[in-house]
Amino acid sequence: MTLTSHKLTINEKLHILADAAKYDVACTSSGSNRRGKKGSLGNTVASGICHSFASDGRCISLLKILLSNECIFDCKYCLNRCSNDRPRATFTPEEICTLVIEFYRRNYIEGLFLSSGVVKSPAYTMELMYQTLYLLRNHYHFNGYIHAKAIPGAPEDLITQTGFLADRMSVNLELPTYDGLRTLAPNKKPENLVKPIRLIQNGISRHRLAIGKDPRMERSESSRFLSNTIFQTNPYLEAQHEPENHLSVPPKNDSSVVPSSFVSSESNSAFVPAGQSTQMIIGATGESDLELLTVTQRLYQQYDLKRVFFSAYVPLNEDSALPSPDTAPPLLREHRLYQADWLLRFYGFHAEELLSRDRPNFNVLLDPKCDWALRHLELFPVEINRASYEELLRVPGIGTKSALRIVRARAHGNLTFQDLKKIRVVLKRAQYFITCAGKMLHRFPIEEDYITRQLTYESSDKNWEISHPETYRQLSLFDDFHIQGDVTVEDTSKVLSGQL
């Protein structure tokens with residue numbers, strides 16, 4: 001491990017610590033809605049946070065840096081592990097404040113994403129992060145979006161006080177099972193990872209109660225038109241009994257409660273208003289898609305998470321416990337898991353519906369909804385003019401907005417395929433699974449092999465582009481990669497809404 005040079009300039013530190021932060025993908029800025037106020041800089045309303053996405057889905061609108069890339073841990077998958085010979089740097093809280101304020105004033109950024117290696121101890125690192133956020137909010141009066149990492153093993157009071165200053169917090173599970181964690185991150189204790197997640201969850205719930213809001217799950221409202229979703233189970237009332245190998249399960253005798261610091265002068269402030277998230281690495285260990293999706297579902301149910309992020313494993317270190325250094329990052333697999341995550345949160349699917357022990361992995365050539373539909377052809381074709389909202393959502397090519405438009409429009413008369421085009425149903429996929437007034441768009445055999453060939457042929461170019469990106473590096477604030485081409489209004493709508 002290279003010792004930190006105390007003679008580095010702030011620009012040299014920025015170069016090191018911005019590059020070191022590029023492997024953390026949980027940096028979306030949605031969910032917080034705080035308007036600007038007199039005497040303060042920034043806000044978190046829609047116009048205050050610019051969502052710019054790279055081709056792999058990563059948000060680049062925030063200043064994303066590490067407080068430090070020094071670390072006392074030796075996680076085998078991590079570039080910043082203590083055994084690697086790397087240039088090391090650590091920001092002071094004042095230096096981070098200077099960067100954020102000066103970049104914001106120049107309109108380079110809209111907010112801050114702050115993570116860190118573990119310097120000296122979890123408590124010491126969390127103290128530095130709290131000091132940074134405290135200065136930003138109270139001395140520099142920065143009112144913009146802040147996403148901060150909670151350091152596992154840090155004192156509960158420090159994590160709680162940081163939660164009153166941040167918009168979103170996250171604790172990265174990194175690996176979904178105890179076995180994977182023991183193999184690749186032996187210094188990390190599973191109970192230390194789960195405990196701050198539970199702490200933040202309880203804090204969010206308690207704050208909602210204190211201000212008279214419904215303390216139920218983050219996503220309960222998003223599926224209000226569905227009768228059977230993963231969110232029907234209330235994690236605050238019903239204990240879950242899951243296999244002990246999964247990190248999402250609360251450790252025995254879990255004593256994570258809201259500490260006394262909630263009753264403080266800051267108790268009138270919002271506590272983590274944008275919710276909490278986590279990240280799991282895909283492809284470093286041998287978990288199946290079923291295991292990953294099952295853990296994801298449990299995290300939503302038990303810990304009230306806003307998002308679960310997936311990060312395709314990029315070979316950075318050589319180790320016998322890791323995949324070969326020439327292994328390509330499983331970007332298409334990551335993409336399919338994100339699509340399946342959307343199905344869990346908004347489409348009423350359950351993990352056990354999408355995959356099974358006999359079929360534990362997705363067909364990477366097809367999106368998960370198409371894959372499911374092809375295995376349940378007995379449910380198709382669906383009659384557009386009679387199907388319920390839930391049935392419509394299970395049709396490939398029909399998203400949440402399209403399904404609602406169909407339900408509302410057909411109250412005024414039967415719909416045709418031309419009407420569906422105007423509603424923006426993706427007929428390239430939907431045409432194999434629907435009828436209008438009892439007729440299909442064309443005469444198709446309802447056979448799995450035939451439809452699979454048609455769908456994989458149509459999506460082959462897109463799948464190749466996802467699997468073979470030009471670069472794996474994170475975009476800079478000023479990089480446009482000289483991308484050319486027209487983007488239609490429909491393309492933009494589908495990307496932003498996640499319609500499948």
Side-chain angles (χ1 to χ4, degrees), residues 1-27 62-103 109 111-137 139-140 142 146-155 158-159 161-163 165-166 168-174 185 187-189 192-193 196 278-279 281 311 314 316-317 474 476:
M1 171 178 173
T2 303
L3 295 177
T4 302
S5 172
H6 297 287
K7 296 181 180 179
L8 293 175
T9 66
I10 190 170
N11 284 337
E12 290 171 332
K13 289 183 180 181
L14 180 62
H15 177 78
I16 293 171
L17 295 174
D19 182 72
K22 65 186 177 183
Y23 300 105
D24 200 323
V25 300
C27 61
L62 310 178
L63 174 61
K64 187 166 69 165
I65 55 174
L66 297 185
L67 184 145
S68 176
N69 67 339
E70 294 187 62
C71 195
I72 61 174
F73 294 145
D74 197 27
C75 303
K76 296 181 180 180
Y77 53 81
C78 183
L79 187 66
N80 299 313
R81 67 183 190 176
C82 63
S83 59
N84 277 359
D85 187 15
R86 300 278 300 169
R88 306 285 176 167
T90 300
F91 279 125
T92 65
E94 281 286 355
E95 287 174 330
I96 295 177
C97 292
T98 299
L99 286 172
V100 171
I101 299 305
E102 294 303 321
F103 279 13
I109 62 168
L112 171 67
F113 175 91
L114 184 61
S115 185
S116 183
V118 182
V119 188
K120 296 184 180 179
S121 70
Y124 179 81
T125 308
M126 198 71 226
E127 175 68 28
L128 288 178
M129 295 187 75
Y130 170 73
Q131 290 177 12
T132 302
L133 270 62
Y134 184 86
L135 285 172
L136 274 173
R137 295 298 195 201
H139 181 72
Y140 293 94
F142 181 70
I146 297 178
H147 180 154
K149 291 290 179 181
I151 306 299
L158 271 178
I159 294 175
Q161 295 300 332
T162 303
L165 301 170
R168 174 172 290 184
M169 295 188 73
S170 55
V171 181
N172 287 352
L173 289 181
E174 304 293 13
N187 303 117
K188 293 184 176 179
K189 297 181 179 180
N192 284 349
L193 295 177
T278 192
Q279 171 183 299
I281 299 172
S311 178
V314 179
L316 301 171
N317 303 316
Q474 179 179 306
S476 74

Do you know which two heavy atoms are closest between [X] and [Y], and how far apart they sit?
| X | Y | result |
| --- | --- | --- |
| D74 | N187 | N-OD1, 3.0 Å |
| A150 | I159 | CB-CG2, 4.2 Å |
| F142 | G111 | CZ-CA, 4.2 Å |
| C71 | C82 | O-CB, 3.1 Å |
| L114 | L133 | CD2-CD1, 4.0 Å |
| A89 | K13 | CB-CG, 4.0 Å |

Within the structure provided, determine whether [X] and [Y] are in side-chain contact (heavy-atom separation under 4.5 Å).
| X | Y | answer |
| --- | --- | --- |
| I65 | L112 | yes |
| M129 | S116 | yes |
| R137 | I146 | yes |
| V100 | T132 | no |
| I101 | L136 | yes |
| F113 | K149 | yes |
| N80 | R88 | yes |
| Y134 | T162 | no |

Query raised in the report: N317: what forms a side-chain hydrogen bond (donor to acceptor under 3.5 Å, both in side chains) with it, not counting sequence neighbours?
Result: N84

Query raised in the report: With sequence neighbours excluded, what pairs up with N192 under the side-chain hydrogen bond (donor to acceptor under 3.5 Å, both in side chains) test?
Result: none

Measure the [atom1]-[atom2] distance between [X] and [Y] for me, rounded to the nearest 0.5 Å.
| X | Y | atom1 | atom2 | answer |
| --- | --- | --- | --- | --- |
| D19 | L14 | CG | CG | 10.5 Å |
| L17 | T90 | CG | OG1 | 7.0 Å |
| L8 | H15 | CG | NE2 | 11.0 Å |
| K76 | L316 | NZ | CG | 15.5 Å |
| C78 | R86 | SG | CZ | 9.5 Å |

Requested in this report: Quick one: do F91 and L66 satisfy side chain to side chain contact (heavy atoms under 4.5 Å, CB included)? Show the steps, please.
Outcome: CA-CA 8 Å; F91 279 125; L66 297 185; over 6 Å; no

Query raised in the report: For the side chain of N69 and the backbone of G117, is there at least one donor-acceptor N/O pair under 3.5 Å apart?
Result: no

Query raised in the report: Is a side-chain donor or acceptor of S311 paired with a backbone partner of I281 at a separation under 3.5 angstrom?
Result: no

Ignoring hydrogens and angles, write down the donor-acceptor pairs under 3.5 Å from the side chains of residues 118-128, residues two or more places apart or on other chains.
| unit_1 | atom_1 | unit_2 | atom_2 | d |
| --- | --- | --- | --- | --- |
| S121 | OG | Y124 | N | 3.1 |
| T125 | OG1 | V119 | N | 2.8 |
| T125 | OG1 | V119 | O | 3.1 |
| T125 | OG1 | S121 | O | 3.0 |
| E127 | OE2 | Q131 | NE2 | 3.0 |

Report task. Take Q279 and S170, measure what side chain to side chain donor-acceptor pair (under 3.5 Å) needs, and give me the verdict at the end. Result -> CA-CA 8 Å; Q279 171 183 299; S170 55; over 6 Å; no

